[in-house]
> 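Below is the structure I would like to discuss, written out as structure tokens.
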Amino acid sequence: MKTSKKSNYGVTVKGKLFDTMIAHYLINPDMRHNMDILAETYLKYSPKSIETLIGKKGKNQISMRDVALEEIKEYAAEDADVTFQLKEIFTSELDKTETKKLFDEIEIPLVSVLADMETEGIRLDVEFLSIMSKEMDIEIKSLEQKIYESAGEKFNLASPKQLGDILFDKMKIGGVKQKKTKTGQYATGEEVLTYLANDNPIVKEILDWRQMVKLQSTYILALPEQVDKKTLRVHTDYMQTVAATGRLSSNNPNLQNIPIRTERGRQIRKAFVARDENHTLISADYSQIELRIIAALSGEENMIKAFQDGEDIHKATAAKVFNVPLDEVSREQRSNAKTVNFGIIYGVSAFGLSNQTSLSRSESAALIEAYYKTYPRLKSYISEQIEFAREKGYVQTILGRRRYLKDINSANAVVRSAAERNAVNAPIQGSAADVIKIAMINIHKKLKEENWKSKMLLQVHDELVFDVHNDELEKIQPMIKHEMENAFIMSVPLDVELGLGKDWLEAH
DNA sequence: GTATTCTGG
DNA sequence: TTCTACCAGAATACG
């Protein structure tokens, strides 16, 4: 959402909406959707660019309100004309691609839902982050000392190039043959360093340093700068036409990648708090939504039954694949089954699986074979998706959202395989996006029509975060759960887990 | 502007 | 024989 339905000047847009970017996003999500490109592509016409009026992006760019009316006139009229011409074309294209319903009933209603969420924003405990920042600074400085001492010199730790030269040319860590990036310098990514962590203590220190600097620069220092002066809250911008699968994306700031996986990182979530002492955050999370969708779409009875019986799906998978009783599944077996379950969604290969687990390539191949024996319909579903893509040139979600795969018949095996993985992944990821969008629209409607005080604040792909007035705490929980679990009925039940707390860490 | 790295689902 | 997981955004270095 670049433009919000409610402007900051008290004007509320009414009536039927049509948005050429959203329309084109449904017609072909992989392409660009800005008006200039659309006009060139569909009207063979290059409109007067906005930059000729306000200058290029940057500090010298002026505001449209400072441009003379006479100059604006031509631009504005052309803008309206081009938009209208595109609308005529896209209306028939939506019909042709059978995405009209998706447009009218999901994407367009979602516009005002997102506008309200963006306008609402979420409160940030700036004081908390400031304390965290000071503690982090001390740890970072101390690690830098240690690292420079071990390296025998000072250098720019943030430069992967300099770091690679120090570690591999000077210190000879891990022997002579080291992985290089495509530009020829040493690879120093997380994967490489973790592999070498036991060779020299400096490696672990660098990993720690990297993590802390990341947290400091991307979150702890950056988030407080994004607090709005008027509302004292952070207002993310949801992009509705960026992710080719149908997901939303979030920026300025991105609130869809706030840390959670490491202990140090997840502390940052304590900074996202309820609006005041009369409110509580509720986080509502779809449990395993993508696996449930692939189970339903494939009609794989063994997997469907596991979900219907409310089993731990990774454990249940392990029991079947390794042929052991449910209560004798080891931690490692469950972990490996979990990796394959996720791998299926991404288009698993023996190589990829062996990279993600401690298994060798042949063990991985054997595991995948046992997996398909357990869930035979999954294997045929994957083949059917690829076959569908080859014939039609696209795949689709449960709501008919399309993704075109131009490389599906490519002679280049690498390119073709990537398209085949997309043929499997896009309907799964995209259908999950469809489901949560339906839930968001329905919940937003209820909150408005029934005059709830509580607000929906955030969406993180399979999670919704609400700022709930304490008076409504008991009543809202079953409502949220019901709306999310019944957004789209399939042969597999959807399951939503709720959590509450004064901050996002406690709620999640 | 591109490459690398790392954060999330 | 090779070397790939799917979808994003942000910070930083470097040419």
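So you know, we letter chains A, B, ... as the sequences are listed, proteins then strands, and number each from 1.
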> Mind checking A/Ala244 for me? I need base, sugar-phosphate or nothing, with any heavy atom below 4.0 Å counting as a touch.
sugar-phosphate
> So if I take every side-chain heavy atom of A/Thr245 and compare against C/dC14, B/dT5, C/dC7, which nucleotide ends up nearest?
C/dC7
> Is the aromatic ring of A/Tyr219 within stacking range of B/dT7, meaning centres under 5.5 angstrom and planes under 30 degrees?
no
> Pick base, sugar-phosphate or nothing for A/Ile345, based on heavy-atom distances below 4.0 Å to the nucleic acid.
nothing
> Establish, with yes or no, whether the OP1 or OP2 oxygen of C/dT4 is under 4.0 angstrom from a side-chain nitrogen or oxygen of A/Gln356.
no
> Contact class for A/Val242 vs. all strands (heavy atom < 4.0 Å): base, sugar-phosphate, or nothing?
sugar-phosphate
> Whether A/Ser250 contacts C/dA8 is assessed here as follows: a side-chain N or O lying under 4.0 Å from the phosphate OP1 or OP2. Is that the case?
no
> Would you tell me if any nitrogen or oxygen in the side chain of A/Arg403 comes within less than 4.0 Å of OP1 or OP2 on C/dC7?
yes
> Using atom types as modelled and distance alone, determine if a side-chain donor or acceptor of A/Arg292 lies under 3.5 Å from a backbone N or O of A/Ser287.
yes
> Send over the distance from A/Lys214 NZ to B/dT4 C1', rounded to a whole Å.
10 Å
> Using a strict cut-off of less than 4.0 Å between a Lys/Arg side-chain nitrogen and an Asp/Glu carboxylate oxygen, indicate whether A/Arg233 and A/Asp467 qualify as a salt bridge.
yes
> Taking CZ from A/Phe342 and C1' from C/dT4, how many angstroms apart are they, rounded to a whole number?
19 Å
> Does the base of C/dT4 carry an N or O that pairs as donor and acceptor with the side chain of A/Arg421 under 3.5 Å?
yes
> Where does the angle between the aromatic ring planes of A/Tyr375 and A/Tyr371 fall among parallel (under 30°), tilted (30 to 60°) and perpendicular (over 60°)?
perpendicular
> Out of C/dA5, B/dT4, B/dG9, which nucleotide sits closest to the side chain of A/Gln185?
B/dT4
> Under 4.0 angstrom, heavy atoms only, what part of the nucleic acid is A/Val460 near: base, sugar-phosphate, or nothing?
sugar-phosphate
> Using whole Å, report how far CG of A/Leu505 lies from P of B/dT7.
17 Å
> For A/Ser249 and C/dG9, is the shortest distance between a side-chain N/O and OP1 or OP2 below 4.0 Å?
yes
> When the nearest nucleotide of DNA chain C is assigned to A/Ala243 and to A/Phe351 on a heavy-atom basis, which residue is associated with the more 5' position?
A/Phe351
> What is the distance from CG of A/Leu291 to C1' of B/dG9, rounded to the nearest Å?
13 Å
> What is the distance, rounded to the nearest whole Å, between atom CD of A/Gln162 and atom C1' of B/dA3?
15 Å
> Classify A/Ala222 by what it touches in the nucleic acid, base, sugar-phosphate, or nothing, heavy-atom distance under 4.0 Å.
sugar-phosphate
> Starting the side chain at C-beta, find the nucleotide from C/dA13, C/dA11, C/dC6 nearest to A/Asn156.
C/dA13
> If you take atom types as modelled and just measure distance, does the side chain of A/Arg261 reach the base of B/dG9 with a donor-acceptor pair under 3.5 Å?
yes
> Consider the side chain of A/Pro160, meaning its heavy atoms from C-beta on, and name the nucleotide among C/dC7, B/dG9, B/dT4 that approaches it most closely.
B/dT4
> Across all strands, who's sitting opposite C/dT1 as a Watson-Crick or G-U wobble pair, both distances under 3.5 Å?
none
> Starting the side chain at C-beta, find the nucleotide from C/dC7, B/dG8, B/dT5 nearest to A/Ile260.
B/dG8
> For the side chain of A/Ser349 and the base of C/dT4, is some donor closer than 3.5 Å to an acceptor across the two?
yes
> Are A/Lys180 and A/Tyr186 in a cation-pi setup, meaning NZ or CZ lies under 6.0 angstrom from the ring centre and within 45 degrees of the ring axis?
yes
> How long is the line joining CG of A/Asp462 and P of C/dA8, in whole Å?
16 Å
> Indicate yes or no: does A/Glu107 engage A/Arg401 in a salt bridge with an N to O separation below 4.0 Å.
yes
> Please confirm whether the backbone N or O of A/Asp312 pairs with a side-chain atom of A/His314, one donor and one acceptor, at under 3.5 Å?
no
> Using a heavy-atom cut-off of under 4.0 Å over every strand shown, decide if A/Asn355 touches base, sugar-phosphate, or nothing.
nothing
> Touch check for A/Gly343, heavy atoms < 4.0 angstrom, all strands: base, sugar-phosphate only, or nothing?
base
> Counting only side-chain nitrogens and oxygens, does A/Asn257 get under 4.0 Å of the OP1 or OP2 atom of C/dA10?
no
> Between A/Arg210 and B/dC6, does any side-chain N or O lie under 4.0 Å from OP1 or OP2?
yes
> Whole angstroms only, please: what is the CD-P distance between A/Glu290 and B/dG8?
17 Å
> Just compare B/dA3, C/dT4, B/dG8 and give me whichever is closest to any side-chain atom of A/Thr183.
B/dA3
> Taking any strand in view, what nucleotide pairs with C/dA13 in a Watson-Crick or G-U wobble way, both distances under 3.5 Å?
B/dT2
> Picking from C/dA13, C/dA10, B/dG8, which would you name as closest to the side chain of A/Ala158?
C/dA13
> Using atom P of each nucleotide, how far apart are B/dC6 and C/dA5 to the nearest Å?
15 Å
> Using the C1' atom on both, measure B/dT7 against C/dT2 and round to a whole Å.
30 Å
> Nearest of C/dA10, B/dT4, B/dG8 to any side-chain atom of A/Thr218?
C/dA10
> Between B/dT5 and A/Thr188, is there an OP1 or OP2 to side-chain N/O distance shorter than 4.0 Å?
yes
> Under 4.0 angstrom, heavy atoms only, what part of the nucleic acid is A/Gln429 near: base, sugar-phosphate, or nothing?
base
> Could you please name the option among B/dT4, C/dT12, C/dC3 that lies closest to any side-chain atom of A/Arg361?
C/dC3
> Considering only side-chain heavy atoms of A/Thr339, which listed nucleotide, C/dA5, C/dA10, B/dC6, is closest?
C/dA5
> Taking the side chain from A/Ser283 and the backbone from A/His508, do they hold a donor-acceptor pair closer than 3.5 Å?
no
> Determine, for A/Lys379 against A/Glu369, whether the closest basic-nitrogen to carboxylate-oxygen distance falls under 4.0 angstrom.
no
> Whole angstroms only, please: what is the CD-P distance between A/Glu420 and C/dC6?
12 Å
> Do A/Lys170 and A/Glu153 meet the salt-bridge criterion of a basic N to acidic O distance under 4.0 Å?
yes
